[in-house]
Number of protein chains: 2
Amino acid sequence: MTEDIHTRLNEFIKKKGLRSTPQRNAIVDTIFESKDHFTADELWERIRKTNSKASRATLYRTLSLLVEAGLLQEIDLGEDQKTYDPNFNNSPSHNHLICVDCGYVTEFEDNHLELLNDCLTRRMGFRPVRQSIRIEACCEMLRTKGSCPNLIKARVEGKRLPKKR
Amino acid sequence: MTEDIHTRLNEFIKKKGLRSTPQRNAIVDTIFESKDHFTADELWERIRKTNSKASRATLYRTLSLLVEAGLLQEIDLGEDQKTYDPNFNNSPSHNHLICVDCGYVTEFEDNHLELLNDCLTRRMGFRPVRQSIRIEACCEMLRTKGSCPNLIKARVEGKRLPKKR
DNA sequence: ATAATTGCAAAGCTTTTGCAGCGAG
DNA sequence: CTCGCTGCAAAAGCTTTGCAATTAT
């Protein structure tokens with residue numbers, strides 16, 4: 001899993017005449033050891049719990065590098081901070097359903113959706129490059145049963161919930 | 001056009017026990033006199049060209065108010081700054097095609113797309129609240145003819161073009 | 001009169017950057 | 001030995017906020 005990422009990163013690094021460093025590798029490992037979306041700050045917390053040490057500056061510089069190398073993608077989850085998504089490498093289509101009750105994000109794919117997007121794009125005189133669907137929705141289980149595992153998990157983890165509107 | 005907005009805003013203001021002020025009204029007028037998306041800073045420039053005067057603080061406070069009142073929507077155009085969209089009031093569905101060559105944004109609607117989104121959302125156990133599609137695409141006309149009116153317009157207006165990736 | 005609103009300047013937050021020293025190739 | 005990388009602290013952007021004065025109702 002992470003080996004693949006390292007291989008691809010090393011290719012990029014070599015091509016650009018850059019260098020491999022322990023800090024960079026530690027950050028990359030930390031990012032890709034999970035499939036979760038994260039903000040720079042959340043990543044910083046995860047790094048701090050590691051025995052590897054890297055500065056915030058290096059963290060930001062590495063994030064930019066990974067995005068430039070195409071190994072990481074910035075996504076919009078309606079948060080104030082930039083959010084990064086580490087697993088679009090394995091799934092070309094990248095759509096997110098965001099729960100307005102708890103902020104939980106579900107990634108999904110759908111061939112019909114992609115096809116339709118593709119057609120619409122061409123009809124408007126463009127060639128598709130990247131497409132993402134963002135769906136905000138409320139949890140049916142929470143409405144009918146009064147609770148939802150994702151919400152409970154979010155509370156336990158102390159995540160700040162979406163601001164109501 | 002703008003009257004409708006003012007009416008709806010006044011309702012909101014009354015309901016909340018707030019007050020109507022010249023600054024607020026000037027900002028609202030400036031926002032809705034155009035259909036363009038804008039950032040806080042772009043709006044600030046537009047305000048400055050007006051003979052009305054309002055501070056940046058009031059501008060930000062008014063933006064929050066309008067979003068809270070549901071008259072303005074924050075959207076994500078892949079920019080660093082928050083972008084606001086003034087015309088989702090007239091079109092319930094809100095999808096954006098962003099040109100990666102010049103940053104030009106096309107708003108579009110499509111019934112099939114909405115229907116499909118709706119089905120997918122329900123299948124995942126949620127009830128749809130809001131959905132937006134973001135398509136990044138490159139301009140076919142620019143590829144085939146070597147130029148594109150939107151790109152020329154963007155250059156003339158001195159807009160900063162999308163960073164290439 | 002009363003309480004919301006405004007403008008200013010200061011503070012807050014996230015992210016970027018200049019620079020001297022360090023370290024990979 | 002070179003030149004990229006790192007950490008630090010300072011700076012940069014954008015946005016928010018405390019406060020005294022102002023103003024709508």
Side-chain angles (χ1 to χ4, degrees), chain A residues 6 9-31 37-48 50-69 72 74-84 160 163, chain B residues 6 9-31 37-48 50-69 72 74-84 160 163:
Chain A
H6 277 293
L9 180 58
N10 285 335
E11 270 175 37
F12 182 82
I13 279 182
K14 189 176 293 175
K15 199 174 60 189
K16 285 270 207 170
L18 308 179
R19 288 170 191 178
S20 166
T21 68
Q23 290 91 332
R24 210 116 90 174
N25 292 328
I27 293 170
V28 171
D29 287 340
T30 307
I31 290 175
H37 304 123
F38 60 90
T39 62
D41 215 56
E42 286 163 357
L43 179 58
W44 175 243
E45 283 307 317
R46 284 167 58 190
I47 296 280
R48 277 166 38 109
T50 310
N51 42 19
S52 58
K53 70 252 163 295
S55 67
R56 261 200 152 85
T58 299
L59 185 153
Y60 279 109
R61 286 189 272 234
T62 303
L63 284 175
S64 303
L65 187 73
L66 289 171
V67 170
E68 195 193 336
L72 196 59
E74 281 179 22
I75 58 171
D76 174 57
L77 260 30
E79 300 290 320
D80 291 336
Q81 287 171 261
K82 279 182 193 164
T83 308
Y84 296 89
R160 54 181 167 189
K163 37 191 172 188
Chain B
H6 277 293
L9 181 58
N10 285 335
E11 270 175 38
F12 183 81
I13 279 181
K14 188 176 294 176
K15 198 174 59 188
K16 285 271 209 172
L18 308 179
R19 289 170 191 180
S20 165
T21 68
Q23 290 92 332
R24 212 119 87 175
N25 292 328
I27 293 170
V28 172
D29 287 340
T30 306
I31 290 175
H37 305 122
F38 60 90
T39 61
D41 215 55
E42 286 162 358
L43 178 59
W44 175 243
E45 283 308 316
R46 284 166 59 192
I47 296 280
R48 276 166 40 107
T50 310
N51 42 18
S52 58
K53 70 254 163 293
S55 68
R56 261 200 151 85
T58 300
L59 185 152
Y60 278 109
R61 286 188 273 233
T62 304
L63 284 176
S64 302
L65 187 72
L66 289 171
V67 170
E68 195 193 336
L72 196 60
E74 282 179 23
I75 58 172
D76 173 56
L77 260 31
E79 301 290 320
D80 290 337
Q81 287 171 259
K82 279 182 194 165
T83 308
Y84 295 89
R160 54 180 167 188
K163 37 191 173 188

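The shown structure was predicted, so the numbers you read here are calculated from the model rather than taken from an experiment. Numbers restart at 1 for each chain; the letters A, B, ... are given by sequence-line order, proteins then strands.
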Rounded to whole Å, please give me the gap between [atom1] in [X] and [atom2] in [N].
| X | N | atom1 | atom2 | value |
| --- | --- | --- | --- | --- |
| N10(A) | dG25(C) | CG | C1' | 13 Å |
| L18(A) | dT6(D) | CG | C1' | 14 Å |
| L59(B) | dT16(D) | CG | P | 11 Å |
| R19(A) | dG25(C) | CZ | P | 8 Å |
| Q81(B) | dT14(C) | CD | C1' | 13 Å |
| K14(A) | dG25(C) | NZ | P | 10 Å |
| K53(B) | dC8(C) | NZ | C1' | 15 Å |
| N25(A) | dA24(C) | CG | P | 11 Å |

Minimal non-hydrogen separation, [X] against [Y], with atom names:
| X | Y | value |
| --- | --- | --- |
| Q23(A) | K53(A) | CG-O, 3.6 Å |
| L65(A) | F12(A) | CD1-CE2, 3.9 Å |
| I27(B) | A54(B) | CD1-CB, 4.0 Å |

- Calculate, to the nearest 0.5 Å, the distance between atoms CD1 and OG1 belonging to I31(A) and T62(A) respectively. 7.5 Å

- Task: Under the side-chain contact (heavy atoms from CB on, under 4.5 Å) rule, what do Y84(B) and H37(B) come out as? Steps first, then yes or no, please.
- Result: CA-CA 6 Å; Y84(B) 295 89; H37(B) 305 122; over 6 Å; no

- Message: I'd like to know if R48(A) pairs up with E45(A) as an ion pair, taking the criterion as any Lys NZ or Arg NE/NH1/NH2 lying under 4.0 Å from an Asp or Glu carboxylate oxygen.
- Response: yes

- Query: Is the shortest distance from a Lys or Arg side-chain nitrogen in D41(A) or R56(A) to a carboxylate oxygen in the other one below 4.0 Å?
  - Reply: yes

Are any of [X]'s side-chain N or O atoms less than 4.0 Å away from OP1 or OP2 of [N]?
| X | N | answer |
| --- | --- | --- |
| R56(A) | dT15(C) | no |
| T58(A) | dG7(D) | yes |
| T21(B) | dT6(C) | yes |
| Q23(B) | dG7(C) | yes |

- Message: With side-chain contact (heavy atoms from CB on, under 4.5 Å) as the criterion, how do K82(B) and L63(B) come out once you've worked through the C-alpha distance, each side chain's angles and the decisive distance to 0.1 Å?
- Response: CA-CA 11 Å; K82(B) 279 182 194 165; L63(B) 284 176; over 6 Å; no

- May I ask you to say what S64(B) touches in the nucleic acid, namely base, sugar-phosphate or nothing, with a heavy-atom cut-off under 4.0 Å? nothing

- Message: Test side-chain contact (heavy atoms from CB on, under 4.5 Å) on K16(B) and E68(B); report intermediate values, then the result.
- Response: CA-CA 11 Å; K16(B) 285 271 209 172; E68(B) 195 193 336; 2.9 Å; yes

Contacts under 3.5 Å, N or O only, protein and nucleotides 17-21 of chain D:
none

- Note on the structure: 5'-most contact on DNA chain D (nearest-nucleotide basis), A54(A) vs G17(A), goes to G17(A)

- Give the angle between the helix axes at the two ends of the helix from dA1(C)-dT25(D) to dG25(C)-dC1(D), taking five base pairs at each end and rounding to 10°. 30°

